[in-house]
Number of protein chains: 2
Amino acid sequence: MKLFNETIAKIEKIDFSLGADTQKRLDFLTKPQGSLGRLEELAKQIVEITRVKNPSLPHKVIFVMAGDHGVTQEGISAFPQEVTPQMVYNFLQGGAGINVLAKHVGARVVVADLGVAVDLKPHPQLLSRKINYGTKNMAKGPAMTREEAVRSVENGITIFEEEFKRGISIAATGEMGIGNTTPSSAIVSLITGQSPEAVTGRGTGIDDGAWERKVAVIKKAIEINKPNAKDGIDVLMKVGGYEIGGLAGVILAAASRRLPIVVDGFISSAAALIAYTIEPKVKDYMIAGHASVEQGHKVVCAYLGLKPILNLDLRLGEGTGAALAIGVIEAGVKILNEMATFESAQVSQKES
Amino acid sequence: MKLFNETIAKIEKIDFSLGADTQKRLDFLTKPQGSLGRLEELAKQIVEITRVKNPSLPHKVIFVMAGDHGVTQEGISAFPQEVTPQMVYNFLQGGAGINVLAKHVGARVVVADLGVAVDLKPHPQLLSRKINYGTKNMAKGPAMTREEAVRSVENGITIFEEEFKRGISIAATGEMGIGNTTPSSAIVSLITGQSPEAVTGRGTGIDDGAWERKVAVIKKAIEINKPNAKDGIDVLMKVGGYEIGGLAGVILAAASRRLPIVVDGFISSAAALIAYTIEPKVKDYMIAGHASVEQGHKVVCAYLGLKPILNLDLRLGEGTGAALAIGVIEAGVKILNEMATFESAQVSQKES
């Protein structure tokens with residue numbers, strides 16, 4: 001609990017006062033004012049977050065956390081649970097979507113086991129931070145103990161801090177866990193106050209019958225566990241997952257280090273809600289990488305006031321949308337740093 | 001006219017039959033089917049266009065064409081005409097938005113003068129393909145002669161072909177020309193059949209009075225010149241511009257070489273309409289890079305059935321949105337080429 005409390009205590013409000021100065025500098029660049037739209041907004045946000053006048057993003061890190069879910073016993077996923085460890089090996093071998101996209105934007109991928117249901121073969125790139133062998137079935141009781149929930153967040157913080165020693169200028173979240181859209185929908189329903197139906201999607205591709213089952217399971221989990229929506233740890237403990245807790249820890253740690261954190265899709269956004277419930281100030285450090293196909297993702301973005309950068313109909317997770325978004329965010333920062341001014345390029349300004 | 005006719009004759013339909021095979025290969029990769037959304041669609045489109053099973057995009061080229069417009073006499077732009085040559089020099093010095101973003105995605109920038117109103121200082125990177133010193137004022141008569149219109153398209157083809165010798169795997173359009181949203185709105189209104197009001201925006205930032213003047217000028221130009229909307233060259237000649245003709249040539253040339261062409265924002269989309277009117281088969285070679293803030297751009301995308309990749313509230317032109325889109329398209333192609341299959345990674349498939 002000490003690391004948890006210390007990290008939260010370090011999170012400050014981002015410095016909105018730097019935005020106006022940054023906009024002024026953007027307006028001196030050789031383009032009509034505001035004509036680079038979101039690129040300019042992103043450049044400003046990175047300055048406000050980092051308090052660095054001309055930030056650059058050489059160290060991009062995507063944290064991919066894996067965990068299993070006891071609720072898969074209820075038949076809510078299209079894929080069998082054995083896919084979680086198989087995909088972790090795939091991440092380590094570099095063959096997954098996130099590996100390809102991270103490489104494309106020049107990002108490192110950090111892979112961590114927070115709660116995969118089986119023992120994983122050791123690998124030099126695998127961080128073993130397992131809390132337990134998968135969560136318990138939340139349709140029958142709490143997914144984990146309160147102590148485990150805190151530990152999953154702290155493990156996320158520790159993983160971030162270890163990687164921070166190697167350099168991080170921008171971080172992103174990603175995850176793998178068969179069944180994890182189900183706890184995510186439960187978290188999102190609880191914290192945003194929307195109905196389970198409104199925030200439950202098709203996951204990796206279930207049919208109508210399985211979708212109805214999934215909604216029923218979420219309702220049952222909420223009914224049985226009665227989580228306190230104002231207490232992020234209580235929500236995480238009762239209807240969450242270890243990888244979700246780990247990502248909440250990454251988000252809190254990034255904010256405590258004044259670093260931007262790109263939130264990937266739906267499951268990552270559930271982790272963002274947990275982090276936000278624990279410490280609302282983290283919100284302004286978050287950037288929504290993309291608009292997921294999962295219907296609950298829109299609800300989270302509206303709730304947190306996040307405006308997704310990309311809309312490419314992605315629903316893979318792993319951090320794939322966040323990886324692509326990092327490319328756009330870096331473009332915004334480069335605009336601020338590398339474009340010529342009207343004066344330096346001897347270009348005439350707008351006629352007034 | 002010979003090069004013009006030969007280029008058009010070489011344009012074939014893209015090979016849609018390759019799409020199904022490509023989707024099958026995408027479905028073998030370690031991800032839920034279709035979960036990479038537009039990245040998968042883009043990978044398929046590149047295969048259909050290039051007829052290459054595993055295309056890669058090492059040679060990215062953005063063609064930025066400059067030209068001036070006699071219609072600026074009517075006071076329809078926020079910036080003075082001298083900005084066109086000043087920005088050309090900025091492109092050559094590497095200080096403009098397009099330079100920063102092209103570098104970010106690893107693209108070359110080809111800068112060509114198709115019709116700037118003044119003589120430009122020679123520069124090793126500047127292609128001087130000037131047709132004339134700016135167009136005539138279209139509010140008083142045709143912007144150019146028919147011969148000039150054909151020549152502007154042919155100059156675009158020649159510029160593309162010269163660059164093709166250095167290698168092109170994907171091309172994009174960009175432009176610079178103070179006042180050029182006005183001819184673009186005229187072209188879009190004529191070819192799509194929408195009213196000038198519906199397709200006229202604020203350009204680089206004009207106020208209400210200037211906007212009304214701009215709409216009136218467009219109406220007058222159409223009334224006086226009576227362009228034949230079915231004849232792309234007639235439209236280009238009467239209400240177009242030299243850089244717009246040049247970009248239409250680039251688009252036709254890319255299609256004739258079976259190469260994807262990323263269309264930037266509003267002015268580029270007007271060039272795309274000219275190319276489409278000349279040869280409708282070019283449409284499937286086009287990829288809309290982004291959704292521009294200019295209201296007429298939506299109209300063109302709907303008319304041509306193009307779905308913009310990005311929506312970042314850009315309205316700069318120069319090829320900036322297309323440059324960023326190239327990064328996303330390349331990501332799609334890499335997914336197809338670099339991801340592991342379920343079999344190679346020993347990952348279990350969906351339960352059925």
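Everything numeric in this text was worked out from a predicted model, so none of it was measured.
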Closest heavy-atom pair and its distance - A:A172, A:A322: CB-CB, 3.8 Å

So which heavy atom on B:T204 is nearest to which on B:S77, and how close? OG1-OG, 4.1 Å

Engaged part of [X] at the chain A interface, taking heavy atoms whose separation is under 4.5 Å:
| X | value |
| --- | --- |
| B:E82 | side chain |
| B:F342 | side chain |
| B:L314 | both |
| B:L101 | side chain |
| B:S348 | both |

Can you tell which part of A:I309 gets under 4.5 Å to a heavy atom of chain B, answering side chain, backbone, both or neither? both

Just by modelled atom types, is the [Y] backbone N or O under 3.5 Å from a matching donor or acceptor in the [X] side chain?
| X | Y | result |
| --- | --- | --- |
| B:T84 | B:I178 | yes |
| B:K334 | A:K103 | no |
| A:K214 | A:G201 | yes |
| B:T30 | A:A96 | no |

NE2 of A:H297 to NE2 of A:H290: how many Å apart, nearest 0.5 Å? 5.5 Å

Rounding to 0.5 Å, atoms CZ (B:R315) and OG (B:S292) come to a distance of 9.0 Å

Within residues 37-46 of chain B, the residues sitting under 4.5 Å from chain A by heavy atom, in sequence order, are B:G37, B:R38, B:L39

Top residue by heavy-atom pair count (under 4.5 Å) with chain B, among [options]?
| options | value |
| --- | --- |
| A:L312, A:N90, A:V293 | A:L312 |
| A:L316, A:I335, A:N337, A:D313 | A:L316 |
| A:E330, A:K31, A:K307, A:E318 | A:E330 |
| A:G203, A:G205, A:A323 | A:G205 |

Run the side-chain contact (heavy atoms from CB on, under 4.5 Å) test on B:R25 and B:L336 for me, step by step, so that the C-alpha distance in whole Å, both residues' side-chain angles and the decisive distance to 0.1 Å come before the verdict. CA-CA 8 Å; B:R25 287 160 54 220; B:L336 180 64; 4.0 Å; yes

Under 4.5 Å, counting heavy-atom pairs only, tell me which of B:N99, B:V100, B:L310 racks up the most with chain A. B:V100

Heavy-atom pair count under 4.5 Å with chain A, highest-scoring of B:V83, B:L36, B:V328: B:L36

Trace of the side-chain contact (heavy atoms from CB on, under 4.5 Å) decision for A:H59 with A:R108: CA-CA 8 Å; A:H59 301 293; A:R108 310 198 293 274; 3.7 Å; yes

Step-by-step side-chain contact (heavy atoms from CB on, under 4.5 Å) determination, A:D113 to A:V88: CA-CA 8 Å; A:D113 169 12; A:V88 171; 5.8 Å; no

Can you check side-chain contact (heavy atoms from CB on, under 4.5 Å) on A:Y89 and A:K121, steps first, answer last? CA-CA 9 Å; A:Y89 296 133; A:K121 284 173 276 180; 3.6 Å; yes

